[in-house]
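Per chain, numbering begins at 1; letters A, B, ... match sequence-line order.
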There are 2 protein chains.
Amino acid sequence: MVKNGRKIVLESGDHAFMQGDSDSKVYFVKSGLLKAYYIRSDGKEHIKSFLPEGSIIGSMVALVDGDPCTFSLVASEPTTAIALPYKVLADVAQSDIGLANALVGFLGTYGKRKEQREYQLLSLSAEDRFALLIETMPDIADRVSQADLASYIGITPQALSRIKRRLK
Amino acid sequence: MVKNGRKIVLESGDHAFMQGDSDSKVYFVKSGLLKAYYIRSDGKEHIKSFLPEGSIIGSMVALVDGDPCTFSLVASEPTTAIALPYKVLADVAQSDIGLANALVGFLGTYGKRKEQREYQLLSLSAEDRFALLIETMPDIADRVSQADLASYIGITPQALSRIKRRLK
DNA sequence: ACGACAAATGAACCTCGGTTAATTACGACG
DNA sequence: CGTCGTAATTAACCGAGGTTCATTTGTCGT
């Protein structure tokens with residue numbers, strides 16, 4: 001199935017798609033690192049997730065309703081990925097029960113991830129969220145800037161600097 | 001399909017399932033109001049979502065991995081709902097392509113909701129989140145306690161009281 | 001090796017929400 | 001009608017993180 005997808009090669013800074021695009025796809029990250037982020041109305045940027053090799057990513061609203069994407073996807077390192085239009089997936093799933101169930105697995109995993117993130121944002125301090133990120137993605141601190149780390153955690157780079165100092 | 005489910009009648013305070021249960025189900029709320037919440041390790045309670053008539057709810061992790069539920073579901077008003085074991089859903093979906101695609105729709109909607117909540121938690125102040133809640137569920141303030149409202153927003157009842165005063 | 005620009009740190013000040021505790025409002029019920 | 005229990009409000013104090021701006025540390029490109 002994945003072999004029907006198109007191979008994508010991105011340099012650092014290249015976008016897979018932009019917030020507002022409607023031709024969104026599912027991306028299977030083969031190597032490198034993608035960053036999913038959105039721009040708020042006040043112009044500030046927020047990082048939704050880091051997507052290292054092995055990740056699968058796509059915009060929910062695009063899959064469910066065909067709405068334009070709510071976030072952008074950009075390469076943070078030279079990256080290769082397989083891109084598969086949602087429409088193809090959904091159409092084929094209408095007749096392919098194996099794929100339909102694979103989709104269920106994908107969506108379930110996605111929901112699970114977001115459920116965990118919701119918990120983190122509601123219950124954990126910025127310091128705890130930072131510790132958790134380092135624990136689950138030990139190499140991430142060396143692969144992205146402090147500003148990106150802070151943005152993912154939901155604080156400013158200055159606050160992250162303070163936290164690092166607190167942890168000595 | 002839903003007609004295969006079992007009808008559930010709950011009084012205020014009755015639980016549909018508890019955090020840690022493994023026999024979780026999907027619930028279709030027919031009337032009344034359910035509250036999804038979890039208990040943190042420090043004993044504090046956090047409200048994940050309010051589920052008025054028409055809502056569908058279930059635990060992601062239970063569906064995907066068969067793991068125990070990560071949250072509890074309790075009636076906040078006398079409530080009737082249809083309960084459908086996940087296992088039944090998942091099993092039938094293996095051979096029923098229509099159901100499999102319905103599941104895709106359900107999970108997609110769920111993911112979309114969580115995506116929006118993530119955005120709210122990352123980008124909005126407590127005051128904005130309160131305003132948004134009132135906007136999307138105008139009657140909720142009259143149906144649940146101030147403490148529950150505050151818990152959903154992610155603040156203390158005192159802070160919510162302050163916010164209400166600020167809004168005059 | 002040098003300068004240039006971005007990234008990271010640091011400091012000073014402010015705001016929001018948490019904590020604790022006291023006070024008030026509003027039941028249900030004898 | 002008064003009382004007990006719960007919910008909601010208010011106040012005083014504190015700490016985490018935001019904002020702004022200055023300073024240091026990198027890291028490149030030539």
Side-chain angles (χ1 to χ4, degrees), chain A residues 11-13 33 35 37-47 50 74-78 117-134 139-168, chain B residues 11-13 33 35 37-47 50 74-78 117-134 139-168:
Chain A
E11 289 307 308
S12 290
L33 180 65
K35 259 179 5 184
Y37 72 96
Y38 52 81
I39 309 282
R40 300 189 317 201
S41 45
D42 64 6
K44 294 209 172 142
E45 170 181 327
H46 260 294
I47 298 208
F50 298 112
V74 67
S76 178
E77 298 173 2
R117 186 124 159 92
E118 175 186 26
Y119 164 77
Q120 291 172 17
L121 290 170
L122 268 177
S123 310
L124 270 42
S125 67
E127 185 168 328
D128 290 341
R129 294 200 303 272
F130 175 63
L132 197 59
L133 175 60
I134 297 304
D139 60 342
I140 196 67
D142 300 321
R143 298 176 71 176
V144 303
S145 73
Q146 196 109 323
D148 279 350
L149 285 180
S151 173
Y152 176 80
I153 293 169
I155 58 178
T156 60
Q158 292 90 327
L160 180 53
S161 185
R162 267 192 298 236
I163 287 174
K164 279 172 48 178
R165 179 156 34 114
R166 268 209 302 272
L167 301 175
K168 259 153 294 139
Chain B
E11 289 307 308
S12 290
L33 181 65
K35 257 179 9 185
Y37 71 95
Y38 53 81
I39 309 282
R40 301 189 317 202
S41 45
D42 64 5
K44 295 209 173 142
E45 170 182 326
H46 259 296
I47 299 209
F50 299 112
V74 66
S76 178
E77 298 172 3
R117 185 122 159 94
E118 174 188 29
Y119 164 76
Q120 290 172 18
L121 290 171
L122 267 177
S123 310
L124 270 42
S125 68
E127 185 169 328
D128 290 341
R129 296 202 298 274
F130 174 64
L132 197 59
L133 175 59
I134 297 304
D139 61 342
I140 196 67
D142 300 321
R143 298 176 73 176
V144 304
S145 73
Q146 195 107 323
D148 278 352
L149 285 181
S151 173
Y152 176 79
I153 294 169
I155 58 177
T156 60
Q158 293 91 325
L160 180 52
S161 187
R162 268 192 298 234
I163 287 173
K164 279 171 50 177
R165 179 156 36 113
R166 269 209 301 273
L167 302 175
K168 260 156 296 125

Quick one: is the NZ or CZ of Arg117(A) closer than 6.0 Å to the six-membered ring centre of Tyr152(A), and within 45° of its axis?
yes
Distance in angstrom units between Leu124(B) CG and dC16(C) P, rounded
15 Å
Would you say the side chain of Leu122(B) lies within less than 4.5 Å of the side chain of Arg40(A), judging by non-hydrogen atoms?
no
Could you tell me if the side chain of Glu118(B) sits less than 4.5 Å from the side chain of Glu118(A), heavy atoms only?
no
Heavy-atom distance under 4.5 Å between the side chains of Ser76(B) and Phe50(B), does that happen here?
no
Got a sec? Which of residues 146-162 of chain B come in under 4.0 Å of DNA chain D, heavy atoms?
Gln146(B), Ala147(B), Gln158(B), Ser161(B), Arg162(B)
Dump the intermediate steps for side chain to side chain contact (heavy atoms under 4.5 Å, CB included) on Ile39(A) and Lys44(A), then the final yes or no.
CA-CA 6 Å; Ile39(A) 309 282; Lys44(A) 294 209 172 142; over 6 Å; no
As a check of understanding: the bend across the helix from dA1(C)-dT30(D) to dG30(C)-dC1(D), end axes from five pairs, rounded to 10 degrees, works out to 30°
Is the phosphate of dG17(C), meaning OP1 or OP2, less than 4.0 Å from a side-chain N or O of Arg129(B)?
no
Extract, from 5' to 3' on DNA chain D, the first and final nucleotides lying under 4.0 angstrom from some heavy atom of chain A.
dG17(D) to dC21(D)
Quick check: do Asp128(B) and Gln120(B) have side-chain heavy atoms less than 4.5 Å from each other?
no
Can you find a pair of side-chain heavy atoms, one from Ile155(A) and one from Ile163(A), that are under 4.5 Å apart?
yes
Nearest-Å distance, CD1 (Ile163(A)) to P (dA8(C))?
15 Å
For the residue pair Asp148(B) and Ser145(B), establish whether any side-chain heavy-atom pair is separated by less than 4.5 Å.
yes
Could you tell me whether the side chain of Leu33(B) reaches within less than 4.5 Å of the side chain of Ile140(B), counting heavy atoms only?
yes
Side chain to side chain contact (heavy atoms under 4.5 Å, CB included) between Phe130(A) and Leu124(A), worked out:
CA-CA 10 Å; Phe130(A) 175 63; Leu124(A) 270 42; over 6 Å; no
